[in-house]
Amino acid sequence: MARKEVSIKAIVLGALLAALASGAPPDAAAQMKDHGGMSPKEHGGMGMPMQAAGTHKGTGIVNSVDLEKGTVNLSHEPIETLKWPKMTMDLEVVDKALLRDVEPGTKVDFELGKKKAGGYAITSIRRTK
């Protein structure tokens, strides 16, 4: 039993260190600790959603798309991992091709990643059903 307990502690510690090194918000590391480093599936669907390190998930409605500038205006729900409230804003996309399937009125799920110059840009966007 002691051997298994040490292994679980090592896994949790490793997950915490990885979260801190990735630049994840400080509360994300605490959430991982609270859930024993388990994925939502392992934890019965509860806990932090799994996402790529340094990305933040959101959902919203597309108000407008500017293909030339590579931006989309979204009214999005709160983004907990960034501590952003519900708001409407223009966001850049990392690749203009991401905007080919979205139009005003479309409900979307999206992911944000840090830009090299600072701020955030959409790295993934897809229609929801």
Side-chain angles (χ1 to χ4, degrees):
M1 282 279 221
R3 182 182 226 170
K4 183 176 182 180
E5 190 173 298
V6 171
S7 298
I8 292 171
K9 286 180 182 179
I11 292 169
V12 171
L13 180 59
L16 285 170
L17 291 172
L20 292 172
S22 73
D27 60 334
Q31 289 176 9
M32 288 181 72
K33 181 180 178 192
D34 291 344
H35 296 292
M38 294 182 199
S39 72
K41 184 176 181 181
E42 293 169 322
H43 212 285
M46 297 175 63
M48 217 169 68
M50 297 300 285
Q51 57 193 34
T55 64
H56 306 275
K57 293 184 178 190
T59 186
I61 303 286
V62 174
N63 298 312
S64 63
V65 176
D66 188 328
L67 287 172
E68 190 174 309
K69 289 183 182 177
T71 61
V72 60
N73 181 278
L74 289 171
S75 294
H76 66 75
E77 295 301 315
I79 301 176
E80 299 293 328
T81 57
L82 289 171
K83 295 184 173 44
W84 284 3
K86 179 178 180 174
M87 66 178 138
T88 298
M89 62 190 305
D90 289 327
L91 288 164
E92 291 181 44
V93 292
V94 295
D95 181 358
K96 292 178 183 179
L98 292 171
L99 298 176
R100 69 175 166 242
D101 292 328
V102 296
E103 57 192 32
T106 305
K107 185 173 182 181
V108 294
D109 288 330
F110 60 94
E111 289 186 13
L112 297 168
K114 275 216 178 250
K115 298 187 296 186
K116 289 180 183 175
Y120 293 91
I122 294 176
T123 58
S124 169
I125 188 168
R126 64 193 165 285
R127 292 173 175 258
T128 60
K129 295 182 181 184

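Computation of the quantities below employed the complete heavy-atom set of this structure, encompassing side-chain atoms and omitting hydrogens, waters and symmetry-equivalent molecules.
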Any side-chain heavy-atom pair from [X] and [Y] closer than 4.5 angstrom?
X	Y	value
Thr71	Leu91	no
Ile122	Leu112	yes
His76	Met87	yes
Thr59	Val108	no
Thr88	Leu74	no
His56	Tyr120	yes

Are any side-chain N or O atoms of [X] and backbone N or O atoms of [Y], one a donor and one an acceptor, separated by less than 3.5 Å?
X	Y	result
Arg127	Asp101	yes
Asp66	Lys69	yes
Lys57	Asp109	no

To the nearest 0.5 Å, tell me how far [X] [atom1] sits from [Y] [atom2].
X	Y	atom1	atom2	answer
Leu67	Leu99	CG	CG	6.0 Å
Ile61	Glu77	CD1	CD	8.5 Å
Lys115	Thr123	NZ	OG1	12.5 Å

Checklist entry - What closest approach, in Å, do Ala121 and Val94 show between heavy atoms, and which atom pair accounts for it? => result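 Taking Ala121 first and Val94 second, the nearest heavy atoms are CB-CG1, 3.9 Å.
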Item to check | Minimal non-hydrogen separation, Pro104 against Ser64, with atom names | outcome: CG-CA, 4.1 Å
Next on the checklist: Could you go through Asn63 and Ser75, starting from their C-alpha distance and side-chain angles, then the distance that decides it, and tell me whether this counts as side-chain hydrogen bond (donor to acceptor under 3.5 Å, both in side chains)?
Outcome noted: CA-CA 7 Å; Asn63 298 312; Ser75 294; 2.9 Å; yes
Checklist entry - After noting the C-alpha distance and the side-chain angles of Val102 and Ile125, does the key distance pass the side-chain contact (heavy atoms from CB on, under 4.5 Å) rule? => result CA-CA 8 Å; Val102 296; Ile125 188 168; 4.2 Å; yes
Item to check | Exceeds 12 heavy-atom contacts within 6.0 angstrom, atom NZ of Lys107 | outcome: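 Atom NZ in Lys107 is not packed in, count stays at 12 or less.
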Next on the checklist: Looking only at the side chains, is there a donor atom on one of Thr128 and Arg126 sitting less than 3.5 Å from an acceptor on the other?
Outcome noted: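 Absent: no donor and acceptor within the cut-off.
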